[in-house]
Asks: 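First the structure, then my questions, so here it is.
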Amino acid sequence: MNWSAIILFAVTIAATLVMTFVAARRTKTPSDHYIAGRSIGGWQNGFAITGDFVSAAAFLGISGAIALSGFDGYYIMLGVPVAFVILLVALAEPLRNLGKYTMADVVTSRFDTRRLRAATAVTTVVISVFYMVAQFIGAGVLIQLLFGIDYILAVLIIGVLMTAYVVFGGMLATTWIQIVQGVILLVVTFALVIFAMSAIGLSPMAFFDAVVDKLGPESVVGSQAPSTLAGINLVSLNVATALGIAGLPHMLIRFLTVTDRSAARTSAMSAGLLIGLFGLALPFLGHGAALLVGKSAITDADAGGNLAAPLLAEYVGGNLLLGVVAATAFVVIIATLSGLVIASSGAVANDLYANVLRRKRASQRQQLRAARLAALLISGAAIIISLALQGINLAFLITLGLCLAASVNLPLLLFTIYWRKFSEGGATFGTITSLSVTTAAVLLGPATMGNGAIVPLTNPGIVTIPLGFALFWVGSILTPGGPEGTAAFKRLTRKITLGDKQLDVGRHDVS
Amino acid sequence: MTSTTAKNSDPELDADIEQLARRKRRFAFALSASFLAYFTLLPILASYTTVLSGMAFGSLSLSYVYAFSLFPIGWIAFIFSAKQSKKIDVEADRLLSRYQASAASGVANLGQGGER
């Protein structure tokens with residue numbers, strides 16, 4: 001038993017519960033619950049996005065992948081800069097100006113139909129639940145490895161905590177936990193890098209000299225594709241990651257929580273800076289673990305390499321630093337999960353219940369109660385799915401989530417915001433068809449069907465993303481919006497361009 | 001429910017708003033598309049050529065130099081974009097006061113705000 005880890009864990013859990021308690025007292029309206037009353041500042045949101053985005057898969061998964069496969073393990077982090085430039089220039093401000101609580105609110109600010117709202121809400125729920133299950137399974141395995149707790153118990157502990165944060169503390173508690181996570185993650189990552197480098201070589205050049213010397217030059221070079229298909233798969237993975245990150249609902253709703261347009265931009269830039277710093281540090285963690293701990297010791301502890309960073313911490317800082325890294329991994333997991341629960345429960349309670357089912361007639365109190373109930377139900381469902389799917393391939397779930405975000409959500413949002421001829425018919429048709437086609441393409445791929453798969457690509461993004469855009473386009477050409485559609489686009493353009501400060505008097509229940 | 005706004009709006013102002021929106025759109029598209037292209041070139045070059053197999057200087061490989069470059073390039077894009085936004089904000093605020101003036105002279109437009 002690692003006592004420093006257990007004490008740090010207890011402290012972390014106590015601190016997050018205190019935050020939840022304070023946030024719960026301030027959460028009185030649906031706006032507080034979904035978007036923290038639009039009170040979050042730019043840098044605060046930047047740290048929160050960092051905490052939201054960096055999951056256990058990034059912190060432990062990528063550093064482990066670099067430890068075992070060298071440079072080839074790094075690709076999955078490289079989509080981040082592109083994603084944040086797209087978020088900054090194309091999405092941050094319009095989302096802030098158009099969205100109320102959810103992604104469907106953004107889309108229906110142009111096309112207000114119940115069928116499109118329902119389709120958009122379903123997309124959010126599907127993407128977020130896949131992501132959530134991936135986090136749960138990863139977290140369960142991890143906690144099992146770090147503390148020797150049973151998988152089922154580990155999933156239940158995380159699940160109960162995450163549910164409590166969101167049900168009682170809403171977006172405010174989620175934001176605080178994510179900010180704390182962002183800070184802890186960066187401090188711990190850089191502390192580990194400094195420890196590792198002081199043991200290997202203090203300048204980056206000396207560090208890489210040691211890596212090439214001991215692990216061979218092939219560990220720092222992107223390897224040649226063994227087949228044309230493998231190369232296409234790698235390109236597809238890169239593109240789908242970059243565009244998928246820019247289309248993840250739980251990331252995008254963070255842009256609805258900020259005070260104004262300039263805070264929206266600051267959040268994209270600060271998150272891009274902070275996650276970028278983390279991304280630059282990852283190779284030093286991965287290679288550092290391979291050099292100091294050794295590849296065989298890493299694979300002995302976990303075949304997937306997920307324990308590379310904790311083992312590195314134990315090597316350079318003993319039990320105390322191992323405890324710190326384990327507690328960090330735990331916060332990383334709960335912060336991401338809370339964001340996912342907010343996004344998906346908002347789609348269920350605000351979109352499907354308050355708007356589609358109740359046709360906007362639900363009172364504020366009913367909406368808040370629905371939001372909390374939906375958070376409870378979604379969490380419960382995700383816990384049950386995670387317990388049932390223990391042992392499923394994690395990369396498969398993440399691939400599916402990112403491919404759907406890039407092939408359905410991103411074209412839907414970009415066309416809604418920027419394309420004059422986009423129509424309600426096209427939006428609904430595109431959402432339903434692209435959601436089905438992309439899901440089918442991943443399900444019929446090698447992850448589930450093995451070598452003779454119908455779709456030969458593990459990551460079909462390179463096909464499904466252009467296809468997604470095409471489906472939205474075709475649907476809009478076939479069902480044009482007419483003069484009323486053009487007028488709606490004009491109003492939307494005005495709102496995006498001039499901002500919502502003076503325009504939406506009396507629209508929100510927030511000041 | 002919102003058609004009153006369209007009637008009240010002044011076509012010259014609408015054209016100016018559209019022009020500013022187009023400027024933002026072009027900037028966003030050009031920056032995103034070129035960065036995405038540069039980024040996509042990395043796995044293509046690494047998979048199918050030997051261009052990135054060598055060392056840049058010392059033991060720092062060309063693969064890593066390319067990969068690391070994505071982060072600062074993204075940050076430089078942020079700076080460009082922030083400068084562009086500053087200019088656009090000034091223009092947008094000017095259009096907003098024109099919009100408010102025309103709305104105030106129009107019929108009961110501001111109260112509805114053109115929104116649901």
Side-chain angles (χ1 to χ4, degrees), chain A residues 71 74-75 78-82 84-86 88-90 93 112 204-205 208-209 211-213 217 220-225 230-231 234-235 237-239 242-243 261-262 265 268-269 272-273 276-277 279-280 283 418 487-488 490-491 493-499 501-507, chain B residues 2-3 5-6 9 14 17-18 20-21 24-25 27-29 31-32 35-36 39-40 42-50 52-55 57-64 67-68 70-75 77-78 81-82 84-85 89 92-93 95-96 99-100 110-116:
Chain A
F71 183 86
Y74 194 30
Y75 281 114
L78 297 177
V80 163
V82 178
F84 277 88
V85 166
I86 295 174
L88 171 66
V89 297
E93 251 185 279
D112 197 5
M205 296 311 289
F208 277 107
D209 279 340
V211 172
V212 171
D213 194 38
V220 293
V221 167
S223 54
Q224 305 267 304
L234 181 70
V235 174
L237 170 108
N238 275 272
V239 174
L243 298 180
R261 68 179 175 204
S262 106
R265 296 196 297 251
M269 288 192 277
L273 177 69
L277 289 173
L280 285 173
Y418 294 109
K490 209 187 232 178
R491 287 195 296 275
T493 307
R494 184 165 61 215
K495 189 150 187 218
I496 292 169
T497 316
L498 303 186
K501 258 187 201 159
Q502 282 81 1
L503 284 172
D504 68 354
V505 182
R507 178 171 176 230
Chain B
T2 42
S3 56
T5 322
S9 62
D14 281 350
I17 292 175
E18 171 55 33
L20 188 66
K24 281 172 88 166
R25 197 159 57 216
F27 178 82
F29 183 79
L31 194 62
S32 308
F35 197 21
L36 184 65
F39 158 79
T40 312
L42 170 61
I44 295 176
L45 289 178
S47 294
Y48 297 118
T49 72
T50 50
L52 297 176
S53 308
M55 295 294 163
F57 27 90
S59 299
L60 192 59
S61 65
L62 284 164
S63 298
Y64 262 123
F68 284 149
L70 292 165
F71 295 96
I73 289 175
W75 297 333
F78 288 175
S81 165
Q84 171 84 355
S85 302
D89 277 356
D93 287 341
L95 290 176
L96 178 65
Y99 175 78
Q100 285 167 328
L110 194 63
Q112 293 191 351
E115 289 308 322
R116 295 171 263 285

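Naming: A, B, ... by sequence-line order, numbering from 1 per chain.
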Asks: Heavy-atom pairs under 4.5 Å with chain B - which of A:Val221, A:Leu234, A:Val212 has more of them than the others?
Replies: A:Val221

Asks: Hey, is A:Glu93 close enough to B:Lys24 for a salt bridge, meaning N to O under 4.0 Å?
Replies: yes

Asks: Of all of A:Tyr75, A:Tyr74, A:Phe71, which one pairs up most often with chain B through heavy atoms under 4.5 Å apart?
Replies: A:Phe71

Asks: Between B:Ser53, B:Pro72, B:Ala21, which has the largest tally of heavy atom pairs under 4.5 Å with chain A?
Replies: B:Ser53

Asks: Would you say the ring centroid of B:Tyr64 lies under 6.0 angstrom from that of A:Phe208?
Replies: yes

Asks: Applying salt bridge (charged side-chain N to carboxylate O under 4.0 Å, His left out), can you list everything that pairs with A:Asp209, at least two apart in sequence or on another chain?
Replies: none

Asks: Taking side chain to side chain donor-acceptor pair (under 3.5 Å) as the test, write out the residues that go with A:Asp213, two or more places apart.
Replies: none

Asks: Count the heavy-atom pairs under 4.5 Å between each of B:Ala82, B:Gly54, B:Ala67, B:Ala77 and chain A, then report the option with the highest count.
Replies: B:Ala67

Asks: Heavy-atom distance under 4.5 Å to chain B: side chain of A:Leu277, backbone, both or neither?
Replies: both

Asks: Counting heavy-atom pairs under 4.5 Å to chain B, which of A:Val235, A:Val239, A:Leu88, A:Leu273 comes out on top?
Replies: A:Leu273

Asks: State, to 0.1 Å, how close B:Phe78 and A:Val85 come at their nearest heavy-atom pair, and which atoms those are.
Replies: CE2-CG2, 3.8 Å

Asks: Is chain A contacted by the side chain of B:Thr49, its backbone, both, or neither, given a heavy-atom distance below 4.5 Å?
Replies: backbone

Asks: Of the backbone (N, CA, C, O) and the side chain (C-beta and beyond), which part of A:Thr497 lies under 4.5 Å from a heavy atom of chain B, both, or neither?
Replies: both

Asks: For B:Phe27, is it the side chain, the backbone, both, or neither that has a heavy atom closer than 4.5 Å to a heavy atom of chain A?
Replies: side chain

Asks: Inspect the contact between A:Arg265 and B:Asp89 and indicate whether a charged nitrogen and a carboxylate oxygen are less than 4.0 angstrom apart.
Replies: yes

Asks: Between B:Ile44 and chain A, which part of the residue has a heavy atom less than 4.5 Å away: side chain, backbone, both or neither?
Replies: both

